[in-house]
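Here is the structure we will look at.
Residue numbering restarts at 1 for every chain, and letters A, B, ... go by the order of the sequence lines.
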Protein chains: 2
Amino acid sequence: MAVTINEVAEHAGVSPMTVSRVINGSQRVRAETRTRVEQAIAELGYVPNSLARGLSRQKAGTLALIVPDVANPFFTLIVRGAENVARRAGYRVILCNTESDLEREHEYVQEMLAHRVEGILIAPANDRSLRHMRIIQRHGVPFVLLDRAVAGMECDLVQGDSVGSARQLVEHLVRLGHSRIALLGGEPEISTTRDRVQGYRQGLQGAGLAWDPALEIHSRYEITGGYQAAQRMLELPTLPTALLAVNNVVAVGVVLALRERGLEVPRDFALACFDDIEYASLLFPFLTAMVQPAESFGTLATQLLLDRIDGRGSEQRRHVVLASELIVRASCGSNRVAMPSLAQY
Amino acid sequence: MAVTINEVAEHAGVSPMTVSRVINGSQRVRAETRTRVEQAIAELGYVPNSLARGLSRQKAGTLALIVPDVANPFFTLIVRGAENVARRAGYRVILCNTESDLEREHEYVQEMLAHRVEGILIAPANDRSLRHMRIIQRHGVPFVLLDRAVAGMECDLVQGDSVGSARQLVEHLVRLGHSRIALLGGEPEISTTRDRVQGYRQGLQGAGLAWDPALEIHSRYEITGGYQAAQRMLELPTLPTALLAVNNVVAVGVVLALRERGLEVPRDFALACFDDIEYASLLFPFLTAMVQPAESFGTLATQLLLDRIDGRGSEQRRHVVLASELIVRASCGSNRVAMPSLAQY
DNA sequence: GCACACAGTGTTATCGTTATCACGAACAGC
DNA sequence: GCTGTTCGTGATAACGATAACACTGTGTGC
């Protein structure tokens, strides 16, 4: 069906090897011959088979990008950033959406290894992803962790400053007069949760506030997780006055749960969270958040990965920590709210 | 570096062919032999090379998904749906983000053909994508158009009912008392724009309203496009009272442009648009929209594509048109606004 | 006891490309 | 004029898997 290099060769009256030289831009081809071959390629509509090429060259020119949820705006931006850098470097990206399911993650890792991808970018489901990292390591495929560290795995990593950011959020809420602040959402098996918990506690301590374990309510990094965490929070004997959601979608779930009980943010609770919801924030300056430079997570991690692939990576692991920006909006009850603008576009 | 089928064969004391039979689940293998091979596979950590397999079998087990912008919530959902169905059918998905750039789209098409993907899902940049469709056709690779038709191309297509939806939106605005309604955003080279323009005009006509070409202001399907369209709208001698944005991100741009001039929605203008902004809508029932079942676009299109790949597709083209749902929220100024709930999760 | 089916396994060729080496022609240096 | 280099090209053998066929045994029917 498809045109092969041999047909092109025949058509141009040369050997396949010469055609190969032409399509790979080798210098060792006479100008006239090159023209003839290029013409044959155009006439036949030849497109080189990259499977065969990959097999022969022992590399496929593809990277894998494994994330827990493409539809989460945070990861979506990571995807866009990674895809962009990869494309410019001549790589294709295979997207893998694990839905935070370890089983799926495992399958994907196997598949990507089978596909002989040259590198893997992965935002792991949780610490138990360690097993998958080890598999990748055993196969000698370069990889970079995104957003989340994995306990027991020393490797290249691009993440946000969760500890500092959580602390800043607490400090902000304290500044607004809150002294009873709850932390909602997040599973302890995920590094960002632990970091945010740590920053949260630091923030409380720094402000001289007591730490109440009942105010740390864990749940999944999902809307429903936020919803459930808020419900459990509402059953506490003494309610907090401020809520710290462990990420953007959890915050949405929290708002929904509160609203169901007739409670409103910021009227009844101050709310702050991690990660922006891009379009939502433009429409309404609602969620006060530590906004992480998600797209940079993607571009930088891809850069690190490409370095490794090209053998330019240093011996030791590289650990990139990106700062977040506190954006004060309505949900925390502050009256100094910045209006969104188009500046970023 | 990587373990091959031959090493496994040697390790198990059989021929490579027998190993191949085992990994492909052929029946013709003695139970004892199978066990021995499986053990060898496990011991060596063998993962079959899918490039070689793809070359040999003449199919790679991958689909291409080409979209204008992954970060647009509408396309993000399409991606999620497509990826899901593809995975279940045993296919990998290569994600291609064209940023509505024809040149990039062309490169991606070439690359995907080179990669011998078994099928292509594509939300084309615009009508000039026709050239790329023809290239795909010439190579005999099945493909399905997503969301947008391409003038001059008869092929499988999954899209929303843009005409009817636009009409409904106009009718809704008319019901709320508006008679001067502008259509903002969208390039005429994109089929959805034309369809929405048509529905818009039908809506006006049905309501017995005059059609004023000055009220149709085209621009790109982007935030900046909406922003610019709104600016031009504001220069009109007689302003409209209601605005129909051609999609979600255009609506965001419109809101920003208005806000810059101290104008607010719905106080100064009623606003309605196409496509939801998932998380934003949950937080705030703000944008009145015809919500398209984006994820179904992805799943259905993938289904159609798989049918074609398996030769189950009918001779003639299949054209799926999915209905949208009018969700009335605040931006149109209606006072009957539905509160978002978690029901959908 | 012989033809025959069939289970289980191996052999060989092939998929489309590239790495490597080889070859002849042209040309330089001495 | 001989050796040696460089240029342009081709021949051959991989890369790692599978398809198609070939080959052993073993059992079955008569």
Side-chain angles (χ1 to χ4, degrees), chain A residues 1-38 40-41 44-62 110-111 113-118 139-141, chain B residues 1-38 40-41 44-62 110-111 113-118 139-141:
Chain A
M1 170 87 243
V3 181
T4 73
I5 200 172
N6 295 295
E7 300 170 46
V8 175
E10 199 168 341
H11 197 81
V14 297
S15 77
M17 200 51 228
T18 300
V19 178
S20 175
R21 291 198 178 93
V22 170
I23 59 187
N24 290 296
S26 159
Q27 293 310 308
R28 292 280 142 87
V29 180
R30 194 150 44 109
E32 192 232 316
T33 312
R34 175 184 307 277
T35 317
R36 203 142 37 90
V37 170
E38 278 166 353
I41 289 176
L44 298 175
Y46 167 68
V47 178
N49 183 327
S50 60
L51 293 176
R53 178 181 276 184
L55 181 60
S56 187
R57 287 215 269 235
Q58 293 285 62
K59 49 186 215 167
T62 48
Q110 291 287 349
E111 249 182 49
L113 291 173
H115 210 266
R116 299 299 189 265
V117 295
E118 271 142 280
H139 282 260
V141 175
Chain B
M1 169 88 242
V3 181
T4 74
I5 200 171
N6 295 294
E7 300 171 45
V8 175
E10 199 168 341
H11 197 84
V14 298
S15 77
M17 201 52 227
T18 300
V19 178
S20 174
R21 291 200 178 91
V22 170
I23 58 187
N24 289 296
S26 159
Q27 294 311 309
R28 293 279 142 88
V29 180
R30 194 149 45 107
E32 193 231 314
T33 312
R34 176 185 305 277
T35 317
R36 203 143 38 88
V37 170
E38 278 166 352
I41 289 176
L44 299 175
Y46 168 68
V47 178
N49 184 327
S50 60
L51 293 175
R53 179 181 277 182
L55 181 60
S56 187
R57 288 214 267 235
Q58 293 285 61
K59 50 185 212 165
T62 49
Q110 290 286 349
E111 249 182 48
L113 292 174
H115 210 266
R116 298 298 189 266
V117 294
E118 271 144 280
H139 282 261
V141 175

- Item | Donor-acceptor pair under 3.5 Å, A:Arg21 side chain vs D:dG10 base | yes
- Task: Please state whether the phosphate of C:dT18, meaning OP1 or OP2, lies under 4.0 angstrom from any side-chain nitrogen or oxygen of A:Arg53.
- Result: yes
- Apply side chain to side chain contact (heavy atoms under 4.5 Å, CB included) to B:Val22 and B:Arg36, showing your working. CA-CA 10 Å; B:Val22 170; B:Arg36 203 143 38 88; over 6 Å; no
- Task: Could you check how far CG of B:Asn6 sits from P of D:dT18, rounded to whole Å?
- Result: 11 Å
- Message: Return whichever of A:Ala52 or B:Ile23 has its heavy-atom-nearest nucleotide of DNA chain D closer to the 5' end.
- Response: A:Ala52
- Whole-Å distance between C:dT14 P and B:Leu51 CG? 22 Å
- Task: Nearest whole angstrom, please: distance from the C1' of C:dC15 to the CD of A:Glu7.
- Result: 13 Å
- Note on the structure: Per nearest nucleotide of DNA chain C, the residue lying toward the 5' end, B:Leu55 or B:Ser15, is B:Ser15
- Item | Short side-chain N/O contact from B:Thr18 to OP1 or OP2 of C:dG10, under 4.0 Å | yes
- Query: Among D:dC15, C:dG10, C:dG8, which is the nearest nucleotide to the side chain of B:Arg30?
  - Reply: C:dG8
- Write down the distance between CZ (A:Arg36) and C1' (D:dG8), rounded to a whole number of angstrom. 12 Å
- B:Arg116 CZ to C:dC15 P, straight-line distance once rounded to whole Å: 13 Å
- Start with the C-alpha distance between A:Thr4 and A:Asn49, add both sets of side-chain angles, then the distance that settles side chain to side chain contact (heavy atoms under 4.5 Å, CB included), and finish with yes or no. CA-CA 8 Å; A:Thr4 73; A:Asn49 183 327; over 6 Å; no
- Query: Hey, mind stepping through A:His11 and A:Val3 against side chain to side chain contact (heavy atoms under 4.5 Å, CB included) and telling me if it holds?
  - Reply: CA-CA 11 Å; A:His11 197 81; A:Val3 181; over 6 Å; no
- Task: Respond yes when some side-chain nitrogen or oxygen of A:Arg57 is under 4.0 Å from OP1 or OP2 of C:dT17, and no when none is.
- Result: no
- May I ask you to evaluate whether B:Thr33 reaches the phosphate of C:dT9, defined as a side-chain N or O under 4.0 Å from OP1 or OP2? yes
- Task: Can you tell me the distance, in whole Å, between the CD atom of A:Glu32 and the C1' atom of D:dT9?
- Result: 13 Å
- Does B:Asn24 make a side-chain N or O approach to OP1 or OP2 of D:dT18 shorter than 4.0 Å? yes
- Would you please confirm or rule out a distance under 4.0 Å between OP1 or OP2 of D:dT18 and any side-chain N or O of B:Gln58? no
- Query: Hey, does the side chain of A:Arg28 come within less than 4.0 Å of D:dC7's phosphate (OP1/OP2), counting only N and O?
  - Reply: yes
- Taking CE from B:Met17 and C1' from D:dG16, how many angstroms apart are they, rounded to a whole number? 13 Å
- Query: With respect to the phosphate group of D:dT18, does any side-chain polar atom (N or O) of B:Ser20 fall under 4.0 Å of OP1 or OP2?
  - Reply: yes
- Can you tell me the distance, in whole Å, between the CD1 atom of A:Ile5 and the P atom of D:dA14? 19 Å
- Item | From A:Arg116, A:Gln58, A:Arg57, residue fulfilling side chain to side chain contact (heavy atoms under 4.5 Å, CB included) relative to B:Leu51 | A:Arg116
- Message: Could you check whether any side-chain heavy atom of B:Arg34 comes within less than 4.5 Å of a side-chain heavy atom of B:Glu38, counting everything from C-beta outward?
- Response: yes
